[in-house]
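I have placed the structure first, in the form of structure tokens, so that the comments after it can refer back to it.
Protein chains get the first letters and strands the later ones, always in sequence-line order, with residue 1 at the start of each. Basis for what follows: all heavy atoms, side chains included, without hydrogens, waters or symmetry-related copies.
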2 protein chains.
Amino acid sequence: MSSNLPYTSTMTEPTVLPAAATPDRLMDQLARAAAAYYRQFAAMAAESGLTLMQGKTLSLLREPKSMRSLAELLACDASNITGIVDRLETRGLVRREVSPADRRIKNVLLTEEGERAVRRIRARVSAGLTGLERLSAEERSSLQDLLDRVFPDAAG
Amino acid sequence: MSSNLPYTSTMTEPTVLPAAATPDRLMDQLARAAAAYYRQFAAMAAESGLTLMQGKTLSLLREPKSMRSLAELLACDASNITGIVDRLETRGLVRREVSPADRRIKNVLLTEEGERAVRRIRARVSAGLTGLERLSAEERSSLQDLLDRVFPDAAG
DNA sequence: CTAGATGGTTGATGTCTTCAAGCAATAGGT
DNA sequence: ACCTATTGCTTGAAGACATCAACCATCTAG
């Protein structure tokens, strides 16, 4: 819906799709959105001296998670998480805690400083996504709803 | 600033958003969408024996681009591109061509095989984003429009 | 023509990524 | 209880990526 409303609109329908067909274009747009989001996120993480993966890992730790579940959420090998958590732990942003129920499991949880880092990054990313201000509250709600359906919790 | 709106709000404010507030939740949803998209993209690139960065680089080469502009589009150091293009070139997916106008510039362009790889990955990513099928044509168009406004071409 | 800016490469260092191998602890079947 | 998987995590090796500083080649401007 932009500057090309057809002249022949006699129906009550949205009358015709925007402009160019939306088959591939939507995918391109998704790619752009994803790239823009991560660019912003990585930049804000970098301001706190963190890499993208470190930032993503911290952001997942609203509540403690085992190494394994972190690996699944981050879609990478478990051995990878060992190194990432090692580095976060060295910086005092995170600590490991052996699960009393199953002593194989190590739960990772944020330290005070880790929580501050998460809040800081979140706030900055949010503030940096200025494009969202171009949408009305209604439109934002609509966008969230659409994304929610395309990428549900257990997204693929 | 969050869950402490005073009960004494007698103003004509937007009275309250739909259900759960959409301030942070939209950001979370964007994060999920971006993660899901890249997870899918990386998996499909991997099927062609390519890394995420290699796949992203190839996908940018609908038309030839200089090393420098690739670096800007991928938001990384130029020296990084040297290595990535080296590896793509070794596999015969890409080749460098010195610009006749300015002999400092090297334009990178897809080989035949490179184009096939791009088409293959694109098709599989598209097919893999099954969530899109849950939207009507109208909704897809709406989603594209919203994303277009939040993340325009020169997105930040 | 000299000084400076720009495009690209190289090398060093640290982080991420994957795989194979290994150890510790748990779960299941007998 | 016992033996055998299975599961959770770590380690080590090899490759890819990221960032920085230094470098050469080429172009641009004065």
Side-chain angles (χ1 to χ4, degrees), chain A residues 35 38-61 64-91 93-109, chain B residues 35 38-61 64-91 93-109:
Chain A
Y38 274 127
R39 179 184 305 223
Q40 175 67 16
F41 187 94
M44 297 305 103
E47 285 188 2
S48 295
L50 298 171
T51 67
L52 176 61
M53 281 311 284
Q54 290 167 353
K56 282 170 81 172
T57 302
L58 283 189
S59 298
L60 287 175
L61 292 175
K65 289 195 166 50
S66 71
M67 304 288 283
R68 172 140 304 276
S69 55
L70 281 177
E72 277 161 17
L73 290 168
L74 291 170
C76 66
D77 193 276
S79 68
N80 218 329
I81 304 298
T82 298
I84 294 172
V85 170
D86 277 353
R87 288 179 281 271
L88 289 175
E89 200 168 22
T90 313
R91 296 196 196 186
L93 299 173
V94 122
R95 63 194 167 80
R96 279 177 245 231
E97 208 168 64
V98 175
S99 164
D102 182 340
R103 301 210 312 283
R104 289 171 301 182
I105 296 178
K106 293 185 186 170
N107 288 309
V108 184
L109 35 91
Chain B
Y38 274 127
R39 180 184 304 223
Q40 175 67 15
F41 187 92
M44 296 306 102
E47 285 187 1
S48 294
L50 297 171
T51 67
L52 176 60
M53 283 308 287
Q54 290 167 354
K56 281 171 82 172
T57 303
L58 283 189
S59 298
L60 287 174
L61 292 175
K65 289 195 166 48
S66 71
M67 303 290 282
R68 172 140 303 274
S69 54
L70 281 177
E72 277 160 18
L73 291 168
L74 292 170
C76 68
D77 194 276
S79 67
N80 219 329
I81 305 298
T82 298
I84 294 172
V85 170
D86 278 353
R87 288 180 280 271
L88 289 174
E89 200 169 21
T90 313
R91 295 196 197 185
L93 299 174
V94 123
R95 62 193 168 80
R96 279 180 245 233
E97 207 168 64
V98 175
S99 163
D102 182 341
R103 301 210 313 283
R104 289 173 301 181
I105 296 177
K106 292 184 185 171
N107 288 309
V108 184
L109 35 91

Is the closest side-chain heavy-atom distance between A:L109 and A:V94 below 4.5 Å? no

Are A:M67 and A:V85 packed together at the side-chain level, in the sense that at least one heavy-atom pair is separated by less than 4.5 angstrom? yes

Residues in contact with DNA chain C, drawn from residues 72-81 of chain A - heavy-atom cutoff 4.0 Å: A:C76, A:D77, A:S79, A:N80

Side chains of B:Q54 and B:R87: does their closest heavy-atom pair fall under 4.5 Å? yes

Picking from D:dC17, C:dG8, C:dA25, which would you name as closest to the side chain of A:R103? C:dA25

Round to the nearest Å and state the distance from B:D86 atom CG to D:dC17 atom P. 11 Å

Answer yes or no: is there a side-chain heavy-atom contact under 4.5 Å between B:L50 and B:R91? yes

Rounded distance in Å - CD1 (B:I84) to P (C:dT9): 12 Å

To the nearest angstrom, the CD-P distance between B:Q54 and C:dT17 comes to 14 Å

Residues A:R95, A:E89; criterion salt bridge (charged side-chain N to carboxylate O under 4.0 Å, His left out); working and verdict: CA-CA 6 Å; A:R95 63 194 167 80; A:E89 200 168 22; over 6 Å; no

Student check: side-chain heavy atoms of A:K65 and A:N107 closer than 4.5 Å: no

Side-chain N,O (B:R96) to OP1/OP2 (C:dT9) below 4.0 Å: yes

Please determine if a side-chain N or O atom of A:R68 lies less than 4.0 Å away from the OP1 or OP2 oxygen of D:dT7. no

Distance test, side-chain N/O of A:R104 to OP1/OP2 of D:dC9, below 4.0 Å: no

Picking from D:dT10, C:dT15, C:dT17, which would you name as closest to the side chain of A:R87? C:dT15

Please say which of B:L58, B:L61, B:V108 ends up in a side chain to side chain contact (heavy atoms under 4.5 Å, CB included) with B:L88. B:L58

Please determine, for the side chain of B:K106, which listed nucleotide (D:dA16, D:dT10, C:dG8) has the closest atom? C:dG8

C:dT17 phosphate, OP1 or OP2, under 4.0 Å from B:T51 side-chain N/O: no

Round to a whole Å and report the spacing from CG of A:D102 to C1' of D:dC9. 11 Å

